[in-house]
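First up is the structure itself, then whatever we jot down about it.
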Amino acid sequence: PKRPAVAPTASPALPIAGSPSAMVGTRTAAPAPRVTVLQAELDRIFQAAQFDRSLWGIKVQSLDSDEVLYARDAAKLMMPASNMKIVTLATTVERLGWDFTFETKLVASGPIEDGVLHGDLIVVGSGDPTFNGRGGPATRVFDGWADQLKAAGVTRIAGRIVADGRAFDPEGLGAGWAWDDLGSGYAAPVGALQFNEDVAEVAIRPGGSVGAPAIVEIEPPESGLVIENHVRTTDSGDTTLDIRRLPGSDRIVVTGDLPLSAKETKRAASVDRPALYFARTLRSTLIAREILVEGDAVEVSPAAPPSEGRVLVAHRSPPLSEIARVLMKVSQNLYAETLVKTLGAQSGVGSTEAGQKVEREVLQSWGVPPEAYVLADGSGLSRYNYVCAETIVRILRQLYRDPRHRQSFMETLPIGGTDGTIARRFIASRATGNVKAKTGSIANVRALSGYVTTADGEALAFSIIANNFAVPAETIYAATDLAVERLAVFTRR
């Protein structure tokens, strides 16, 4: 996530309206309605004086009865951060289904004679984001392709490795992405050919003495990135490192201080030309697997005719159900942007605008009014996105009640105290292993939306979005988590 704009400071403890254990099972001669008690408890959390300058958009609704248990500015447009991924995934699976796969083809532009491909090897992409190191070496699919090419009789390629990523338009960045994010791995540009999630690894080690430049290296070399090193080795203090890259540039500027005693630090840096990165890595892999490639790795010209020839390899990605787990559990921005462009490509134009048109059609079919959201990107990295808490809850209800979606969608969500982006939250509480929810985090924005089951076994959908806060992010997390834990122990008895 993007670094916080406000440095953490001490903050007063959140007011607590009685302990959950005291509330559950306690009866009086004339008890207040349990929902009223719950609402009062949540009000005390979100109306604390430390939030006077902040905005909360909140909705909690029963999935069993449709009763709204709590709402606070639920119809107000809020920046959702990565809660935008709920919108992206929901609309994508509604249109494409959980079994959807991406196809990548290797095409021979010329004949194969005596082991020689007389022409180029063209790799034609459709957006598959899974050529990466999750679950094994990042080049493992390329290794398999080398074996398939040999089986097809290819031991030498007289031409080039040509990357055809024209299934998507050339705009790789989301609208409104902050320029100082663009060098970081979480802001990698999207493309129809994507290797290693379009990032390279920057390794930074202290120099040999205080005052010496740090040692900065980048892997793999096929990324094409060039390092401009401004990191200084210090005698003590904190590690302060920053990575910047401007759009259209392959120059990574690394600045900061690194203590002489510090261990090696690794950061992910975004790559400027994803398709070329893919082609270069494929070329080097084929050579390492003893397939000689005489030409360079290049990108196809946008004006070139469609790539034609003999298809030597047709590779299918894992299904969208598997891709979505990475998207949601680790909050992978590139995957989200890929899905929006894929929606557009399936309707003829692989652009974000075309994909958003499909998203709007799906949302309208679910009864979500167009004034209840503003779409800027698919990941939530943009500050141009706006969504209401009630919109998120409506989408959550839609997925929960649709037998085509419920189980698969639930399996994508991080689980409190267990995995994903909330693995370290909700520890040792009734929400542990219970709450399943998507996080959201950009500067001065935090969000959590998903499902939780009450002490009575009642299923709830909730969305809690905080904007415009100047308190430490930890204070927002504490309030959000306390509220969700209250929901987990809620009982109507």
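Although no hydrogens or angles enter the test, the distance criterion places a donor-acceptor pair under 3.5 Å between the side chain of N385 and the main chain of S382. Side-chain atoms of T391 never come within 3.5 Å of backbone atoms of V387 as a donor-acceptor pair (strictly under, hydrogens ignored). Remark: side-chain polar atoms of T240 are paired, donor with acceptor, to backbone N or O of D257 under 3.5 angstrom. Checking side-chain atoms of R273 against main-chain N and O of G248 turns up no donor-acceptor pair under 3.5 Å. Within the 3.5 Å criterion, the main-chain N or O of G367 finds a donor-acceptor partner in the side chain of R394. A donor-acceptor contact shorter than 3.5 Å is absent between the side chain of D128 and the backbone of G125. Not a single donor-acceptor pair under 3.5 Å links the side chain of E322 to the backbone N or O of P319. In this structure, the side chain of E219 does not engage the main chain of E201 through any donor-acceptor pair within 3.5 Å. At distances below 3.5 Å, at least one donor-acceptor pair connects side-chain atoms of T338 with backbone N or O atoms of L334. Panel note: side chain T453, backbone A459; no donor-acceptor pair is recorded below 3.5 Å.
Under the 4.5 Å side-chain criterion, counting only non-hydrogen atoms from C-beta, I422 is in contact with T439. Here the side chains of I218 and S223 are in contact, with some heavy-atom distance below 4.5 Å. By the 4.5 Å heavy-atom criterion applied to side chains, T233 and L258 are not counted as neighbours. At least one side-chain heavy atom of Y373 sits less than 4.5 Å from a side-chain heavy atom of R360. The closest side-chain heavy-atom distance from L38 to L69 is below 4.5 Å. Annotation: side chain of T412 is not in contact with side chain of L327 (no heavy-atom distance under 4.5 Å). Counting heavy atoms from C-beta outward, S317 and I323 have side chains that approach closer than 4.5 Å. At a threshold of 4.5 Å between non-hydrogen side-chain atoms, the residues F469 and Q50 do not count as touching.
Surrounding CZ of R401 are more than 12 heavy atoms belonging to other residues, nucleotides or ligands, all under 6.0 Å away. The 12-atom threshold is not exceeded at CD of Q364, counting heavy atoms of other residues, nucleotides or ligands nearer than 6.0 Å.
Considering L343, V87, T91 as possible partners of V362, the one that fulfils the side chain to side chain contact (heavy atoms under 4.5 Å, CB included) test is T91. Each of D250, V254, L225, V253 was checked for a side chain to side chain contact (heavy atoms under 4.5 Å, CB included) with R245, and the lone residue meeting it is L225. Each of V326, V330, L320, T88 was compared with Y335 under the side chain to side chain contact (heavy atoms under 4.5 Å, CB included) criterion, and only V326 meets it. The only option from K329, R424, R325 that meets the salt bridge (Lys or Arg N to Asp or Glu O under 4.0 Å) definition with D419 turns out to be K329.
Of all heavy-atom pairs spanning E171 and K341, the tightest one is O-NZ, 2.9 Å. When every heavy atom of A466 is checked against every heavy atom of W56, the shortest pair comes out as CB-CZ3, 3.7 Å. The minimum heavy-atom distance linking R34 with F490 is given by the pair O-CE1, 3.5 Å. Between V340 and G378, the shortest heavy-atom distance links the atoms CG2-CA, 3.6 Å. In terms of heavy-atom proximity, L260 sits nearest to G207 at CD1-O, 3.4 Å.
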Working note: Y477 + R425, criterion side-chain hydrogen bond (donor to acceptor under 3.5 Å, both in side chains); need CA distance, chi angles, decisive distance, verdict.
CA-CA 9 Å; Y477 289 138; R425 295 168 65 177; 5.2 Å; no

Test side-chain hydrogen bond (donor to acceptor under 3.5 Å, both in side chains) on E337 and T352 and set out the steps.
CA-CA 8 Å; E337 303 304 331; T352 298; 5.0 Å; no

Determine, step by step, whether R95 and E361 satisfy the salt bridge (charged side-chain N to carboxylate O under 4.0 Å, His left out) criterion, reporting the C-alpha distance in whole Å, the side-chain angles of both residues, the deciding distance to 0.1 Å, and the verdict.
CA-CA 10 Å; R95 187 56 61 94; E361 292 171 356; 3.5 Å; yes

Under the salt bridge (charged side-chain N to carboxylate O under 4.0 Å, His left out) rule, what do R134 and E197 come out as? Steps first, then yes or no, please.
CA-CA 10 Å; R134 297 184 187 274; E197 298 175 359; 2.7 Å; yes

Take E217 and R205, measure what salt bridge (charged side-chain N to carboxylate O under 4.0 Å, His left out) needs, and give me the verdict at the end.
CA-CA 9 Å; E217 298 173 336; R205 302 189 301 277; 3.2 Å; yes

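Taken to the nearest 0.5 Å, the CH2 atom of W366 stands 8.0 Å off from the CG atom of D402. Here the CE-CD1 distance, from M79 to I465, works out to 11.0 Å after rounding to the nearest 0.5 Å. Taking CG from L363 and CD from E94, the interatomic distance works out to 10.0 Å, rounded to the nearest 0.5 Å. The CZ atom of R251 sits 9.5 Å away from atom CD1 of I227, with the distance rounded to the nearest 0.5 Å. To the nearest 0.5 Å, the span separating OG1 on T255 from CG on D242 amounts to 4.5 Å. With rounding to the nearest 0.5 Å, the separation of CD1 in I86 from CG in L396 is 5.0 Å.
Note on ring orientation: taking the six-membered ring where Trp is involved, the planes of W98 and F409 are tilted (angle from 30° to 60°).
Figure legend: R406 and Y400 shown as a cation-pi pair, the cationic atom lying under 6.0 angstrom from the six-membered ring centre and within 45 degrees of its axis.
Under 3.5 Å, the side chains of W177 and D377 contain a donor-acceptor pair of N or O atoms. Donor-acceptor pairing under 3.5 Å is lacking for the side chains of E222 and T281. For the residue pair Y277 / D198, no side-chain donor-acceptor distance below 3.5 Å is found, with atom types taken as modelled. Between the side chains of S331 and K438, a donor-acceptor pair is found at a separation under 3.5 Å.
The list of side chain to side chain donor-acceptor pair (under 3.5 Å) pairs with a residue in residues 454-467, not counting sequence neighbours, reads S62-E458, S449-S463, D456-T491, D456-R493, E458-R492.
The aromatic ring centroids of F195 and F131 lie 6.0 Å or more from each other. Aromatic rings of F100 and F102 (six-membered ring for Trp) have centroids within the 6.0 Å cut-off, being under it.
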